[in-house]
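Labels below follow one simple rule: chain letters A, B, ... track the order of the sequence lines, proteins then strands, and each chain is numbered from 1.
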Number of protein chains: 2
Amino acid sequence: MVSRAESAAATRRALLDSAAELLDEGGPEAVTLRDVAARAGVSRGAPYGHFADKESLLAAVAAEGWERLSNEIAAQSGTPSERVRGALAALVTIGRRHPHHYRRMLGPPAGEEPGKLISASCRTQEEFLAIVSELVDECDVHRYGGLLFTGVSGIIAAELSGHFETGTWRTSADELVDTLVTIIADGRLQAEG
Amino acid sequence: MVSRAESAAATRRALLDSAAELLDEGGPEAVTLRDVAARAGVSRGAPYGHFADKESLLAAVAAEGWERLSNEIAAQSGTPSERVRGALAALVTIGRRHPHHYRRMLGPPAGEEPGKLISASCRTQEEFLAIVSELVDECDVHRYGGLLFTGVSGIIAAELSGHFETGTWRTSADELVDTLVTIIADGRLQAEG
DNA sequence: GATCTCATGTGACGATGTCAACCTAGTGGC
DNA sequence: GCCACTAGGTTGACATCGTCACATGAGATC
């Protein structure tokens, strides 16, 4: 026997997991509220007891992606330079392993309560800034931190859209990420031994 | 009296324009094939005579966005540095004026014939690279050109998602774009007088 | 043990993408 | 100048989907 609260929490969790799976497997158009519910073992109407609508459910999934990235960033070790590279590598990895999830994270906040997704991304970015602050001058933390994060996001987004398979750039996303980090972190102001 | 070919071409154009308008006005979820057709003055089924499906129509709209950007890039004048900044400013402007259109352009190629969208973006990026090649060493053109383009894309994408309104980065998209361009074009290798 | 309270199940409705069949007005051959 | 042809356009129909109002039943509260 399970308490009603436990049962509800389990359902909510199952809905989030099912939605994330379907998103990973078939992209946004494969995420059907009906399929999500079915995979979670509940009926069509059950999700509405936990989420306002489909977009809110997907926003919650995206928010959890930010949480995971935040944890991975916090778990980095080594020199500041290594940790910055590691944090950005975690972002890159999420983008490659879960492209649809990644796009949801970086896309426009949807659903009711868009603030939830925004604040989740904020916490992650603050986590990243904390590492950057050990690497560059105080006055440059936000400028270079923001440039690193949003720049790498753009590079990976371009990769996911196939912009490196065409031969136009004649380079790889990895090389661009490395170039960006090197220019900012190592070349521009080598604040580390 | 109009020839059949002219009429068909006009219908196709009206469909593209209507789709672009609806996309601009209400975002992707507001783009209904029925509404597009109605605004274009034709019936529900008419679009299928010109596009394989809804995604293909939106891909064609996105491709036209790349074409316009390509023209704007080609129209830049001044020093190489000014033209690079102008080209990137054109990208920024599209993102701000037509955020939904912008996201479609940079998003994953959808619909049948994804190659159409890819090749359109390629042409635009080659146009950009042509300018960059006047600014940096030959061996760095693709690396720095790609970094500039994808980096600025990411900065603007972050802005469109509200990541600069939260105070986390404590800076603006404009400053990040300027910082990136300055570091690469002016600071790193000032190949221009 | 009676009642209450939610989480969930179910029926229904409107909207939408898509297709098949039909229609119609330019088009080309005689 | 007439006629069959053809491609673009219209209409009806269908499956699917998000969403809501209502019913239901099992835990929670007294």
Identify all pairs in which a protein N or O lies below 3.5 Å from an N or O of nucleotides 6-10 of chain C, and state each distance.
| residue | atom | partner | partner atom | Å |
| --- | --- | --- | --- | --- |
| dC6(C) | O2 | R4(A) | NH1 | 3.3 |
| dT8(C) | OP1 | T11(A) | OG1 | 2.4 |
| dT8(C) | OP2 | H50(A) | NE2 | 2.4 |
| dG9(C) | OP2 | S43(A) | N | 2.6 |
| dG9(C) | OP2 | S43(A) | OG | 2.8 |
| dG9(C) | O5' | S43(A) | OG | 3.4 |

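The distance from atom CD of E6(B) to atom P of dG8(D) is 14 Å, rounded to the nearest whole Å. What separates CG of L58(A) from C1' of dG18(D) is a distance of 12 Å, to the nearest Å. Spacing between atom NZ of K54(A) and atom P of dA15(C) amounts to 18 Å, rounded to whole angstrom units.
Other cluster members for L57(B): L15(B), L16(B), L22(B), L23(B), V31(B), L33(B), V36(B), V42(B), Y48(B), F51(B), L58(B), V61(B), joined by side-chain heavy-atom distances under 4.5 Å among Ile, Leu, Val, Met, Phe, Trp and Tyr. Counting side-chain heavy-atom gaps under 4.5 Å among Ile, Leu, Val, Met, Phe, Trp and Tyr, I118(A) is found in no cluster with other residues.
For the salt bridge (Lys or Arg N to Asp or Glu O under 4.0 Å) condition, no pair includes a residue of residues 160-169 of chain B, sequence neighbours left out. Listed by first and then second residue, the ring-ring contact (aromatic ring centres under 6.0 Å, His included) pairs involving residues 116-138 of chain A are F128(A)-F149(A) (not counting sequence neighbours).
Residues from residues 16-35 of chain B placing a heavy atom under 4.0 Å of any atom in DNA chain C, listed by number, are V31(B), T32(B), L33(B), R34(B).
Applying the 6.0 Å contact sphere to CZ of R13(B) captures more than 12 heavy atoms from other residues, nucleotides or ligands.
The side chain to side chain donor-acceptor pair (under 3.5 Å) test applied to H98(B) returns D24(B), not counting sequence neighbours. For R83(B), the side chain to side chain donor-acceptor pair (under 3.5 Å) partners two or more places apart in sequence, or in a different chain, are E134(B). The side chain to side chain donor-acceptor pair (under 3.5 Å) search around E159(B) returns R96(B), not counting sequence neighbours.
Across the interface with DNA chain C, nearest-nucleotide mapping of D53(B) and A5(B) shows D53(B) to be the residue nearer the 5′ end.
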